[in-house]
Amino acid sequence: MTHSSHPPVGGDLRTRHTVVVPTSVDMVSLLGPGDEHLGILERSFDAEVHVRGNRITLHGPPAEVALAERLLDELVTIIRTGQGVTGETVERVVQMLRAETTERPADVLSLDILSNRGRSIRPKTLNQKRYVEAIDRHTVTFGIGPAGTGKTYLAMAKAVQALQSKDVNRIILTRPAVEAGERLGYLPGTLSEKIDPYLRPLYDALHDMIDPETIPKLMAAGTIEVAPLAYMRGRAQPLDAQVLTPDGFVDMGSLEVGDLVIGRNGMPTPVLGVYPQGEKDVYRVATSDGASTVACGEHLWTVQTPDDRRRGTSRTLETQDMVDGLRQGHAHRYELPLLDFANLPGRAVPVDPYALGLLLGDGCITTRTTPSFTTADPELARALEAALPGISLVAKGEYDFVLRHDDGGRGGLRIANPVTTALRELGLAGCTSSTKFVPDVYKLNDARTRIELLRGLLDTDGGPVTQDGRTCRIQYTTTSARLRDDVVWLVRSLGGVAHTRTRPTSGRRPGRARGRDVHYRHDSHVLDIRLPAGWTPFGLSRKSAKYDATGGGRPMRFIESIEPAGRAETMCIQVAAEDSLYVTDDFIVTHNTLNDSFIILDEAQNTSPEQMKMFLPRLGFGSKIVVTGDVTQVDLPNGTKSGLRVIQDILDEVDDISFQRLTGQDVVRHRLVGRIVAAYDEFDARSSTLQAAPEPRGGRGPRTDRRDRP
């Protein structure tokens, strides 16, 4: 576009410029249908405008002519990008030029965020562009301004853009539907029917940006979640749910900020937030290996379906989302992640862990006599002797060995057998085959101690079980119910799974020994075990070779059932682990924060300070939060402060958090809406000025009604 100017003549302070529009630009698009855009130009500037062909002459004060010339230049640039120019576009360009910004209006109005069904979503004002850019640059963005300024709509567009570009895995949309959580229970209809009116603006924006037929699929898969804030907060477990810490399992209700819990990777991670949730309906979630825990209906679970495994992805679902779809055909549908292994601190132990495992399996530890060991494998006898310094195994028969103290009778004095002393210290003295157990000092110990103890147990009372065409599983048998549970604990703490079954004594044919029947006196507990790759479950050569021939396969844990478990006082925690996962009852891995998500909290002016404090710490790794609201439209009970008002004073100087403020000039609805908002702003400003003005001196003072005069 070319320009020519004519300097003022004599004392005339007006100038004349001629703009030549390139022939490639459609003049109808530039001037508008019925010269609508030309009329806006004439009304907006103190300048005369004459059009002849593709030449536009401007005559008026130099400053006004310069602005009008810039307007034409911006409109031509916009047209060249392929966008249509409307009267609203012209008015917005004029508005931005009057604001004397350094940014070009054409750059603002040409910034594409999202396109769907031939329609592009772009910011329409300078503040909207700054708002969109702030969302890109910051993890948490607050968009504050009157209704109609595009706060929610643009945030939704950025969320869909992030989902399509795989920057996030989920979109979570929420509003503080004040009535939905507490006072609409008497209304007929389902929960969705009660809360949908509060969430309708979010649904409407979503349908503008995503093909409507795909939205139900995305919501069913948990990729898009729309829920009132009151329900979003409820990702909780009962206060007596167990959480694994470096010192063992503790009650959820006893945790405080700063306490350490164990994450999925087995490493300690601090608790960042503790949020009591009150009494809630809870469900018992049971797994295929017999583990279980209790959580509320909104509690989050990271799971994999068969399709997810093929794609190498996972999904995060609420408890209530999985209730009706636990099976896919005859197979389990939802697989839970397993703990890598619990990296607990090491502790000193009185007996070598492998030796204790052998003694718990085939040892006599009643301590009425010298401890003994029975085995048909000389390799195990040698290994036990090597693991117990100062102890010699003396054969008392073909398979029986006594654990004799080498210095037990030195100098004519009887010195206590150190194995006997250790067994008494551990509380194992007097235990029989049906009452043996693993002492806590071995369970709550480092991984090496736990695997060595388990290896001793499996070398004696366990073994590899092979089947044609399948990997090898591990089987272990004991008559002690307590030892059974301890072995399950050890296996799960190492990232494995153990399925248990019981063979009752009654009805079983007796065994045979030396030609005589040997009747069973206790039920037999059988464990089928899978350990992750990297652990060697056997020390005995013949068992290890058989196991190594096919490998142990992959341990898997599926959700078996979800059943109502009544009501309970609940709490949720936030942990610092990168994946936000922590270990709960029976080493089940779960979480309740929001990773890789784009979260939009709309109408945030109607949150209380407590709700806002509850919501913001739910931010997980790889996530963004956009909070929108209009602080002039608070609809909260009397005496309740707006969380959006309070948070501005608290977080205004925090890095990676941006507060973007929009005004009536950013309203993108009907033109009249902007004028209404502006009128209210002017009225509020005048009212504030009048209220602040002091009473003039010498005034008449308070007015007195005539009826009050004496």
- Task: Please step through side chain to side chain contact (heavy atoms under 4.5 Å, CB included) for the pair T174 and F615, ending with a clear verdict.
- Result: CA-CA 10 Å; T174 183; F615 169 76; 4.2 Å; yes

- Message: Using 0.5 Å steps for rounding, measure from the CG atom of L483 to the OG atom of S434.
- Response: 10.5 Å

- Message: Is the shortest side-chain heavy-atom distance between T478 and L457 below 4.5 Å?
- Response: no

- Message: Under the salt bridge (Lys or Arg N to Asp or Glu O under 4.0 Å) definition, can you give me all pairs with a residue in residues 252-276, not counting sequence neighbours?
- Response: none

- Taking every heavy atom of C296 against every heavy atom of Y283, the minimum-distance pair comes out as C-CD1, 4.1 Å

- Task: Without swapping roles, check the side chain of D211 against the backbone of E213 for a donor-acceptor pair under 3.5 Å.
- Result: no

- Quick one: closest heavy-atom pair of G325 and R333, and the distance? O-CD, 3.0 Å

- Query: Could you give all pairs that pass the salt bridge (Lys or Arg N to Asp or Glu O under 4.0 Å) test and reach residues 238-254, with sequence neighbours left out?
  - Reply: D247-R347

- Message: Taking side chain to side chain donor-acceptor pair (under 3.5 Å) as the definition, give me every residue that meets it alongside T319, ordered by chain and number, with sequence neighbours left out.
- Response: W301

- Item | N/O donor-acceptor pair under 3.5 Å between D656 side chain and T139 backbone | yes

- Message: Minimum heavy-atom separation for T245 and L260, please, with both atom names.
- Response: CB-O, 3.4 Å

- Message: Could you check whether any side-chain N or O of K158 sits under 3.5 Å from a backbone N or O of V626, counting only pairs where one atom can act as donor and the other as acceptor?
- Response: no

Counting only pairs under 3.5 Å, give me each side-chain donor-acceptor contact of residues 334-345, with atom names and distances, residues two or more places apart or in other chains.
residue, atom, partner, partner atom, Å
E335, OE1, R309, NH1, 3.0
E335, OE2, R554, NH1, 2.7

- Query: For L458 and Y476, what are the C-alpha separation, side-chain angles and deciding distance, and is it a side chain to side chain contact (heavy atoms under 4.5 Å, CB included)?
  - Reply: CA-CA 6 Å; L458 295 178; Y476 174 77; 3.9 Å; yes

- Query: Does one side chain, of Q237 or T584, offer a donor that lies under 3.5 Å from an acceptor on the other?
  - Reply: yes

- Can you tell me if T141 uses its side chain to pair, donor with acceptor, with the backbone of S658 under 3.5 Å? no

- Message: What I'd like to find out is whether the side chain of V257 reaches to under 4.5 Å of the side chain of L272, using heavy atoms alone.
- Response: no

- Item | SB check E563 R284 (cutoff 4.0 Å) | no

- Please assess F587 against F249 for the test ring pair (Phe, Tyr, Trp, His ring centres under 6.0 Å), listing each intermediate value before the final yes or no. CA-CA 10 Å; F587 294 91; F249 283 98; 5.1 Å; yes

- Query: Does Q164 use its side chain to pair, donor to acceptor, with the backbone of Q161 at less than 3.5 Å?
  - Reply: no

- Can you tell me if T269 uses its side chain to pair, donor with acceptor, with the backbone of A577 under 3.5 Å? yes

- Query: Is the backbone N or O of D649 less than 3.5 Å from a side-chain atom of D652, with the two atoms forming a donor-acceptor pair by type?
  - Reply: no

- Task: Verify, without hydrogens or angle tests, whether D585 (side chain) and Q242 (backbone) share a donor-acceptor contact under 3.5 angstrom.
- Result: yes

- Query: Taking side chain as C-beta onward, heavy atoms only, is V631 less than 4.5 Å from I144?
  - Reply: yes

- Check ion pair E560-R327 (N to O, under 4.0 angstrom): yes

- Query: Can you tell me how far the CD1 atom of I451 sits from the CG atom of D446, to the nearest 0.5 Å?
  - Reply: 11.5 Å

- Sequence neighbours left out, what passes side chain to side chain donor-acceptor pair (under 3.5 Å) with T505? Give chain and number order. D523

- Message: Per the side chain to side chain donor-acceptor pair (under 3.5 Å) rule, what does the pair list look like for residues 480-496, sequence neighbours excluded?
- Response: K443-D486, R450-S493, R484-H525

- Message: I want to check something: taking the side chain as every heavy atom from C-beta on, are P306 and R310 in contact at a cut-off of under 4.5 Å?
- Response: yes

- Task: Any chance you could measure S642, atom OG, to Q633, atom CD, to the nearest 0.5 Å?
- Result: 11.5 Å

- Query: Out of curiosity, Y153 OH to K151 NZ, how far, rounded to the nearest 0.5 Å?
  - Reply: 14.5 Å

- Roughly how far apart are S561 OG and M322 CE, rounded to 0.5 Å? 11.0 Å

- Note on the structure: Closest heavy-atom pair, L494 versus P532, reported as atoms and distance to 0.1 Å, is O-CG, 3.4 Å

- Taking the side chain as every heavy atom from C-beta outward, state whether L527 and T477 have any pair of such atoms under 4.5 Å apart. no

- Task: Mind running side chain to side chain contact (heavy atoms under 4.5 Å, CB included) on I573 and Y275 for me, showing each step along the way?
- Result: CA-CA 6 Å; I573 61 173; Y275 310 105; over 6 Å; no

- When T628 is tested against each of L601, T152, L154 for side-chain contact (heavy atoms from CB on, under 4.5 Å), which residue passes? T152

- Item | Test item: side-chain donor near acceptor, T305 and D307, under 3.5 Å | no

- Task: Considering non-hydrogen atoms only, spot the tightest contact between A568 and P238 and give its length.
- Result: CB-CB, 4.1 Å

- State, with a plain yes or no, whether a side-chain heavy atom of I474 is found less than 4.5 Å away from one of L531. yes

- Message: Taking the side chain as everything from C-beta on, heavy atoms only, tell me whether S597 gets closer than 4.5 Å to V168.
- Response: no

- Query: Rounded to the nearest 0.5 Å, what separation is found between the CZ atom of R503 and the OG atom of S524?
  - Reply: 5.5 Å

- Query: With no hydrogens and no angle check, do the side chains of T590 and H299 hold a donor and an acceptor under 3.5 Å apart?
  - Reply: yes

- Measure the shortest side-chain to side-chain distance between F142 and I647 over non-hydrogen atoms and say whether it is less than 4.5 angstrom. yes

- Message: For the backbone of N445 and the side chain of T449, can you confirm whether one donor and one acceptor N or O come within less than 3.5 Å of each other?
- Response: no

- Query: If you take all heavy atoms of D528 and R501, which pair is closest and at what distance?
  - Reply: OD2-NH1, 2.7 Å

- Taking it one step at a time, do V140 and K624 satisfy side chain to side chain contact (heavy atoms under 4.5 Å, CB included)? CA-CA 6 Å; V140 179; K624 280 185 180 288; over 6 Å; no

- Does H499 use its side chain to pair, donor to acceptor, with the backbone of S288 at less than 3.5 Å? yes

